[in-house]
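I have placed the structure first, in the form of structure tokens, so that the comments after it can refer back to it.
Letters A, B, ... mirror the listed sequences (proteins, then strands); counts begin at 1. All figures in this text were calculated on a predicted structure; none of them were measured in a lab.
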Amino acid sequence: MHLPNLLQDRFRNALASVTDRADQYAAMIRPTADPKHGDYQCNCAMPLSKELGRNPREVASELIEKLQIDDVCNPPQVAGPGFINLTIKDDYLSRVTSGLLGDERCGVSSQEGEQSIVIDFSSPNVAKPMHVGHIRSTVIGDALARCLRFLGHRVVTDNHLGDWGTQFGIIIYGYKHFGDAKIVDANPVQELSKLYRIVNQLIEYRKSKKSIDALERSVMDAESAVQLAKDALVNAETSKQKSAKKTVSSAERRCSGAIAAVEAARLKIDAVENDQVWSERASLHPRIDEAVLEETAKLHQGDPENLSLWERFLPHCKDEINRVYERLDVTFDHTLGESFYHSQLSGVVQKLRSEGLAQDSDGAVCVFLSGFDAPMIVQKQDGAFLYATTDLATLQYRLEQFDPAEILYVVDTRQSEHFEKLFAVADQFGLEHVKLVHVNFGTVLGEDGKPMKTRSGSLIGLESLLDGAVERAKKVVCDPERLRTFDPPMEHAEQEMIAEAVGIGAIKFADLSHHRTSDYRFNLEKMVALDGNTSAYVQYSYARTQKILENAKKAESDIVKLIAKEGWVFSHPAERNLALMLMKLEESLVGLHKDYAPNQLVDYLLETAKTYSKFNENCHVLRAETPQIQATRLALVCLTGRVLQLGLHLLGIGVVPRM
RNA sequence: GCAUCCGUAGCUCAACUGGAUAGAGCAUCGGUCUUCGGAACCGAGGGUUGGGGGUUCGAAUCCCUCCGGGUGUACCA
């Protein structure tokens with residue numbers, strides 16, 4: 001049920017005789033901000049009056065006369081400068097709400113489409129541990145997939161795994177020099193990530209060692225630049241003071257950036273040189289960084305030994321990430337990683353060349369695009385292909401295979417430029433009929449407002465993050481004071497299950513509750529908190545509905561019959577408010593699709609849970625005054641439970657019958 | 001330097017794309033109730049939406065300009 005669409009249709013009819021831009025004006029229907037203005041409002045009279053050169057209130061009154069809407073609304077009211085306020089009739093509302101009862105889809109209509117929507121999300125590099133940065137793509141992408149699929153679209157999810165890059169050169173090198181076949185075979189997942197960490201640390205050491213002199217010089221340069229800028233400021237004329245000041249502060253910023261870079265490099269160097277084992281390793285592998293690249297190149301060229309190692313290691317790397325996906329309850333239709341496209345890359349470059357889009361520049365093959373300073377490089381000087389090349393091959397494959405209307409890339413905002421270029425090339429390829437969207441998202445920040453890192457400066461592992469959330473949830477759920485009130489008592493297994501649902505749900509919900517494009521601060525304490533805008537609040541509201549239904553000993557099928565017999569009646573404003581909320585699920589889902597913004601559904605669920613709490617406070621079900629009132633309330637409780645459960649499910653979050 | 005995004009209550013965030021008195025949650029203070037489960041509900045204080053100008057019936061939202069931040073900027077993904 002999408003009430004604004006219905007209202008729009010009515011307005012369009014009324015507007016047709018007045019203007020030829022009826023669509024545009026009819027679209028100006030909104031829910032009201034304040035209930036005293038009714039349920040919905042139409043704001044079209046003001047701009048329309050300008051077009052007609054007439055008084056807006058007069059225009060509004062005329063529209064109301066032409067409007068045929070009395071089956072849905074009470075007589076519309078003109079207010080303020082010319083707002084048209086609409087209040088839904090109670091009997092219309094109860095009819096619609098009755099229709100939701102017994103409906104699997106909670107009244108959300110299905111929008112069948114011929115074409116599919118491809119969603120590319122999560123896409124971690126295997127062989128590296130997943131970290132906090134992977135949360136957003138995974139959680140947002142999964143929520144979008146669930147919602148769009150529920151809306152009736154043919155959704156194809158694809159996890160574009162990084163399974164062909166330098167990280168395999170690292171593991172292969174590690175295996176050859178630090179590995180032990182028996183140990184690796186016995187415990188591959190753990191052993192391989194250990195090898196990765198060893199080699200990676202040595203590479204970081206080597207890189208830091210190489211760059212530290214230059215970094216220190218750049219600090220000195222920056223410092224003298226600051227001094228110069230300060231001198232210039234002292235001598236600057238009044239009119240140029242401002243720009244001189246700006247120069248100083250930007251020089252200072254660069255300077256502190258350079259100092260931070262030196263410190264980071266120094267840390268990595270010290271970590272190795274102050275440790276006997278590590279410094280021995282480092283001296284035994286003096287050119288490890290180049291050697292790793294060579295191993296990677298050999299793999300790409302089809303070297304039998306490296307290829308067979310890759311084939312041996314890959315399944316274990318996938319096991320590692322699949323464990324996380326299982327825990328997050330995230331699945332994919334396809335997992336076509338970079339390696340899948342490897343053989344198609346030279347063809348892509350050839351095609352770009354033959355169509356005159358790509359050309360040689362500085363020994364690399366580039367696509368120059370108007371509006372961009374730098375070209376998109378599709379093949380390096382040394383002949384290797386890049387991220388961009390793979391993405392073009394992937395795009396081509398998806399078009400042939402899935403015939404999509406839309407392709408969504410759920411990827412960090414920092415890659416915006418890459419996607420702008422990719423889409424620009426796609427345009428030149430003649431792919432403008434597909435809607436390509438970079439569903440970008442912001443960074444997860446720590447408490448300090450800087451990208452979230454551990455104390456040692458590395459990214460926080462995803463699994464330990466989830467463990468932390470579940471552990472915290474368990475403390476709350478298994479609080480002995482609270483557990484005493486449960487009858488029957490809560491067994492250990494149920495406690496574990498609830499902690500998992502609440503803990504994982506908290507992380508997902510917190511992520512999805514922020515607008516996807518903004519950065520947010522990660523605060524575990526607030527996420528798992530019992531009160532506030534959290535998943536626990538919504539999950540708890542659901543549990544309350546279930547308890548009431550249990551006490552009433554009524555299943556949904558019983559309530560359907562009961563309502564058919566008794567009919568609806570709104571005896572308290574809280575009932576009507578709740579019914580109105582329950583009807584709006586589809587609105588929030590449609591809004592979510594429009595902006596690819598899951599926070600719209602989150603907001604809706606919080607608002608619904610809050611509306612339910614008020615209802616729960618004011619409208620006793622089992623002690624209802626009449627059978628009719630009780631039937632209405634039972635129906636509302638039942639529907640609320642269903643809507644909350646469905647809404648959370650569409651976000652990838654589970655519910656529990658009690659908590 | 002260029003490009004791009006952002007600045008909203010003490011804190012963390014919204015605001016249906018230009019609509020009515022800018023909303024939630026924390027935190028603070030006060031209240032309700034012998035709980036269909038109190039992880040509840042009600043109320044109060046808290047704002048010149050970074051500053052200034054403009055566009056119009058109407059601006060957090062659009063334009064200009066300052067101030068302050070983030071991010072990206074040819075062979076990483």
Side-chain angles (χ1 to χ4, degrees), chain A residues 4 28-34 36-37 41 43 46-47 49-50 56 79-83 85 123 125 162 165-167 242 246 249-250 253 338 361-366 371-382 384 386-388 390-391 411-418 420 440 442-443 445 449-451 476-477 479 482 485-486 510 513-515 517-521 523 526 529-534 536-537 539-541 543-544 547-552 587-588 590-591 594-595 597 599-600 602-603 606-607 610 613-614 616-624 633 637 658-659:
Chain A
M28 302 178 95
I29 301 232
R30 307 270 124 85
T32 56
D34 187 332
K36 80 180 170 223
H37 298 133
Q41 63 188 65
N43 303 331
M46 284 85 78
S49 75
K50 183 155 285 181
F83 297 107
N85 291 337
S123 309
N125 286 323
T166 315
Q167 72 271 32
K242 263 186 194 164
K246 217 171 170 179
S249 72
S250 91
R253 261 205 308 280
E338 290 171 328
S361 169
D362 281 352
V365 184
C366 302
F372 294 96
D373 292 339
M376 177 182 237
I377 300 174
V378 291
Q379 190 168 14
K380 300 203 291 187
Q381 283 173 334
D382 65 5
L386 295 114
Y387 183 39
T390 312
D391 264 358
V411 181
D412 197 303
T413 295
R414 285 174 286 203
Q415 291 183 40
S416 294
E417 199 174 312
H418 165 71
E420 280 167 26
N440 61 328
T443 310
L445 307 174
K450 290 183 186 149
V476 173
V477 171
D479 172 33
R482 274 180 49 70
T485 65
F486 283 87
S513 71
H514 298 94
H515 190 94
T517 57
S518 51
D519 299 344
Y520 75 89
R521 288 180 195 227
N523 183 334
K526 276 188 186 168
L530 315 173
D531 45 14
N533 289 339
T534 63
Y537 179 74
Q539 287 167 318
Y540 176 65
S541 301
R544 293 174 96 181
K547 184 67 176 179
I548 291 176
L549 294 178
E550 189 191 316
N551 288 342
E587 277 174 62
S588 76
V590 169
K594 196 170 147 242
D595 290 339
N599 70 315
Q600 298 207 17
V602 170
D603 284 350
L606 282 170
E607 223 180 310
K610 209 167 158 54
S613 279
K614 285 184 190 172
N616 203 54
E617 195 74 14
N618 290 297
C619 306
H620 207 284
V621 178
L622 300 182
R623 293 201 301 258
R633 290 179 179 175
V637 170
R658 59 175 188 167
M659 56 187 276

Problem - Partner set under salt bridge (Lys or Arg N to Asp or Glu O under 4.0 Å) for A:D412, not counting sequence neighbours - result: A:R414

Exercise for the section: Answer yes or no: is there a side-chain heavy-atom contact under 4.5 Å between A:N440 and A:V411? Expected result: no

Handout entry: Distance between C1' atoms of B:A59 and B:G18 (Å, rounded)
Key = 7 Å

Practice task
Under 4.0 Å between any heavy atoms, over every strand shown, what does A:E417 touch: base, sugar-phosphate, or nothing? Just pick one.
Solution key: sugar-phosphate

Problem - Pairwise P distance for B:A44 and B:A24, with rounding to whole Å - result: 11 Å

Completion exercise
5'-most contact on RNA chain B (nearest-nucleotide basis), A:T443 vs A:T517, goes to A:T517

Exercise for the section: Can you sort out the partners of A:K36 under salt bridge (Lys or Arg N to Asp or Glu O under 4.0 Å), two or more places apart, ordered by chain and number? Expected result: A:D34

Fill in the blank from the handout: Taken in chain and number order and not counting sequence neighbours, the residues that satisfy side chain to side chain contact (heavy atoms under 4.5 Å, CB included) with A:Y540 are A:R544, A:M659

Exercise for the section: Whole angstrom is fine here: how far is it from NZ in A:K610 over to C1' in B:C42? Expected result: 10 Å

Handout entry: Rounded C1' spacing from B:A14 to B:U8 in Å
Key = 10 Å

Exercise for the section: Take atom C1' in B:U17 and the same atom in B:G58, then report the distance between them in whole Å. Expected result: 16 Å

Exercise for the section: Nearest whole angstrom, please: distance from the C1' of B:C76 to the CD of A:E338. Expected result: 11 Å

Fill in the blank from the handout: Nucleotide by nucleotide, nucleotides 11-23 of chain B touches protein heavy atoms under 4.0 Å in the pattern (B base, S sugar-phosphate only, - none) -SSSSBB-BBB--

Problem - Test item: A:T443 and A:P451 side chains (from C-beta on) under 4.5 Å apart, heavy atoms - result: yes

Handout entry: Atom-pair distance (CD1 on A:I377; P on B:U73), nearest Å
Key = 12 Å

Practice task
Measure from CG on A:N618 to P on B:U32 and round the result to the nearest Å.
Solution key: 17 Å

Problem - All ring pair (Phe, Tyr, Trp, His ring centres under 6.0 Å) counterparts of A:Y537, not counting sequence neighbours - result: none

Handout entry: salt bridge (Lys or Arg N to Asp or Glu O under 4.0 Å) partners of A:R482, counting only residues at least two apart
Key = none

Problem - N-glycosidic conformation, B:U73 - syn within 90 degrees of 0, else anti - result: anti

Completion exercise
Checking B:G25, B:A74, B:C36 against the side chain of A:R623 (C-beta onward), the nearest is B:C36

Practice task
For A:D391 and A:H418, run side-chain hydrogen bond (donor to acceptor under 3.5 Å, both in side chains): C-alpha distance rounded to whole Å, both residues' side-chain angles, the deciding distance at 0.1 Å, then the answer.
Solution key: CA-CA 10 Å; A:D391 264 358; A:H418 165 71; 2.8 Å; yes

Exercise for the section: Provide the distance between the two C1' atoms, one in B:C42 and one in B:U56, to the nearest whole Å. Expected result: 41 Å

Practice task
Return the set of residues passing ring pair (Phe, Tyr, Trp, His ring centres under 6.0 Å) with A:H37 (not counting sequence neighbours), or none when no residue passes.
Solution key: none

Handout entry: Residues which pass side chain to side chain donor-acceptor pair (under 3.5 Å) with A:N533, listed by chain and number, not counting sequence neighbours
Key = none

Practice task
Taking atom P in both B:C62 and B:G19, compute the distance separating them and give it to the nearest angstrom.
Solution key: 11 Å

Problem - Euclidean distance, atom CD of residue A:E420 to atom P of B:U71 [Å, nearest integer] - result: 18 Å

Practice task
Give A:I548 one of three labels, base, sugar-phosphate or nothing, depending on what nucleic acid heavy atoms sit under 4.0 Å from its own.
Solution key: base

Practice task
Apply side chain to side chain contact (heavy atoms under 4.5 Å, CB included) to A:V590 and list each qualifying residue two or more places apart in sequence or on a separate chain.
Solution key: A:H2, A:Q111, A:E586

Exercise for the section: Write down the distance between CG (A:L386) and P (B:A77), rounded to a whole number of angstrom. Expected result: 5 Å

Practice task
Between B:A22 and B:G50, how far apart are the P atoms? Round to whole Å, please.
Solution key: 15 Å

Problem - salt bridge (Lys or Arg N to Asp or Glu O under 4.0 Å) against A:E417, all qualifying residues, sequence neighbours excluded - result: A:K421

Exercise for the section: Assess whether side chain to side chain contact (heavy atoms under 4.5 Å, CB included) is satisfied between A:L386 and A:V378, documenting all intermediate values. Expected result: CA-CA 6 Å; A:L386 295 114; A:V378 291; 5.8 Å; no

Practice task
Taking atom P in both B:C63 and B:G7, compute the distance separating them and give it to the nearest angstrom.
Solution key: 14 Å

Practice task
Round to the nearest Å and state the distance from A:H620 atom NE2 to B:C41 atom P.
Solution key: 16 Å

Please enumerate all protein N or O atoms sitting under 3.5 Å from an N or O of nucleotides 38-40 of chain B, with distances to 0.1 Å.
unit_1, atom_1, unit_2, atom_2, d
B:G38, OP2, A:R544, NH2, 3.2
B:A39, N7, A:R482, NE, 3.2
B:A39, N7, A:R482, NH1, 2.3
B:A39, N7, A:R482, NH2, 2.4
B:A39, N6, A:R482, NE, 3.1
B:A39, N6, A:R482, NH2, 2.1
B:A40, O2', A:E617, OE1, 3.2

Fill in the blank from the handout: Given Watson-Crick and G-U pairs under 3.5 Å, RNA chain B in dot-bracket ([ ] crossing, | other strand) is (((((((..((((.....[...)))).(((((.......))))).....(((((..]....))))))))))))....

